[in-house]
Enquirer: 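Quick one: the structure is below, questions incoming.
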Amino acid sequence: VNNNWKIRRKYLLILSIIASYILLLAASLVLFSNTALAAWISEAGSCHNQEYAPEMQMELEEAGYSTHMAKVESEGKEFTGVIVDVNGSLREVQNVGTALVQKGLTEEPSPIADEKDTDLLEILGKKRYLPRKPTETNPKIENVLLLYTEPLENQINPLTTRERAEMFKDLVASHWSLNIYMKLASEYEQGDIDDFDVLMYIGENYLSKIPKSLINDVNNTDREVLWINYYPWELDSRKLGFEVSGTHSFDFDRISYRGYDFKLNPTDTSLIEVIDPKKAKVLAWLVDNESGKSIPAIVNANDNFLYVSYLPLAIPYLDEPIPFFNALHETFGHHEKVSKALLRLEDIHPESDFDDLAMINGFLKEKKVLPHLAVIPVYVNPEKNINISILDRPQLINVLKDILSDNGTLILHGYTHQYDGVTGIDFEFWDVCLPA
Ligand SMILES: [Zn+2]
Ligand SMILES: [Zn+2]
């Protein structure tokens with residue numbers, strides 16, 4: 001019982017992580033199309049940085065540095081950090097840091113430590129890079145057939161196989177303009193593959209049988225195929241140049257991709273062995289931290305068959321999805337850099353500093369950025385016996401009205417955004433201690 005409870009609780013937490021990931025998908029895909037390393041300018045732990053960040057960012061931009069801001073949570077406190085983008089190696093990051101100190105722009109810059117378990121945005125911020133073939137575009141891909149497996153019997157995962165397929169569909173469709181048709185793999189009919197430019201198969205359910213016709217068609221096609229997780233061992237390994245054994249492993253806790261290491265929440269991975277390196281190119285490696293052992297994680301065979309040996313986003317864990325997102329370009333096409341992002345100012349409540357908000361709005365207006373504001377109308381701090389309505393903050397209301405008239409959008413972000421804790425830090429609709 002205890003174990004079950006733990007698992008259920010874990011998945012509840014994961015559910016909320018997934019929700020935030022969906023919001024981040026669009027932003028993270030955009031981030032891939034820049035090359036940069038980042039150095040933190042402000043240190044964690046101080047809430048005052050929030051007031052300080054826009055000013056500091058302007059100062060840095062004026063000094064000729066390219067910067068962006070990221071919100072980070074540390075010990076229940078949120079603060080804003082200014083990140084300076086640096087093209088190049090860790091040494092160059094350190095050089096820029098030294099220069100900043102000399103110019104009096106910052107006191108103690110520290111490059112982001114690689115092994116630190118920190119905020120997703122921070123990690124995304126430092127691991128941005130160009131797809132390998134930025135200017136080359138694949139032949140136009142229009143129609144995709146997305147096959148998924150039967151529902152799992154013991155559903156402990158928050159998503160059904162169908163919901164997961166929809167998540168993948170949304171992910172791909174948010175980045176490439178495609179028509180995506182979904183179907184159960186068991187309903188695949190011989191020749192279906194010829195009606196599409198890409199066949200995408202998500203092998204999530206190990207017990208789900210897939211039709212022989214699908215295996216045959218994939219073995220004999222020259223169309224783009226993206227095959228995820230189970231059942232690749234029935235495919236023609238000689239043609240693909242790699243073999244996948246029926247055995248699995250939960251040992252791997254890292255993915256190594258283009259010289260970067262990404263954390264992987266240990267998950268069931270199929271074991272790949274390359275038999276012809278001319279046909280099968282390994283894009284990403286799974287690494288076992290303990291033994292240092294590594295095996296291929298993502299393989300591109302004959303430039304038209306992409307195989308991913310694990311289920312991406314099964315339990316999204318920090319930067320785990322990045323190698324997968326980036327490798328998708330091998331199937332759906334490399335493209336010119338596109339910079340689209342949504343900006344949301346989070347947790348604006350009666351205790352928020354209206355001067356700061358006005359300054360941020362001025363800055364965004366200048367940059368022609370339309371923000372979304374997540375507004376909480378009542379601020380509560382039970383310990384200090386504080387309960388303030390936004391109606392008691394006419395100056396803040398004026399700033400919000402200005403933002404509205406500048407075409408910004410206000411979103412009601414709960415009523416108090418707390419259960420028994422402080423507004424913004426606590427959750428409103430469930431108790432974080434008792435997952436209920
Ligand atoms: Zn892209
Ligand atoms: Zn919030």
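Indexing begins at 1, ligand by ligand and atom by atom, following the structure's order.
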Enquirer: Establish, from distance only, whether the side-chain atoms of His417 and Asp347 form a donor-acceptor pair under 3.5 Å.
Expert: yes
Enquirer: Within the stated cut-off of 2.8 Å, is an N/O/S atom of His329 closer than that to the Zn ion (ligand 1)?
Expert: yes
Enquirer: How close do Gly241 and Lys279 get, heavy atom to heavy atom, and via which atoms?
Expert: CA-CB, 4.0 Å
Enquirer: Examine the side chains of Tyr201 and Asn229 and answer whether a donor and an acceptor come within less than 3.5 Å of each other.
Expert: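 Result is no, nothing qualifies.
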Enquirer: Mind reading off the angle at the Zn ion (ligand 2) between the NE2 atom of His417 and the NE2 atom of His413, rounded to 10°?
Expert: 90°
Enquirer: I need the single residue from Phe332, Tyr148, Phe324 that forms a ring-ring contact (aromatic ring centres under 6.0 Å, His included) with Phe168. Which is it?
Expert: Phe324
Enquirer: What does the angle at the Zn ion (ligand 2) come to, between atom OD1 of Asp347 and atom OE2 of Glu346, rounded to 10°?
Expert: 90°
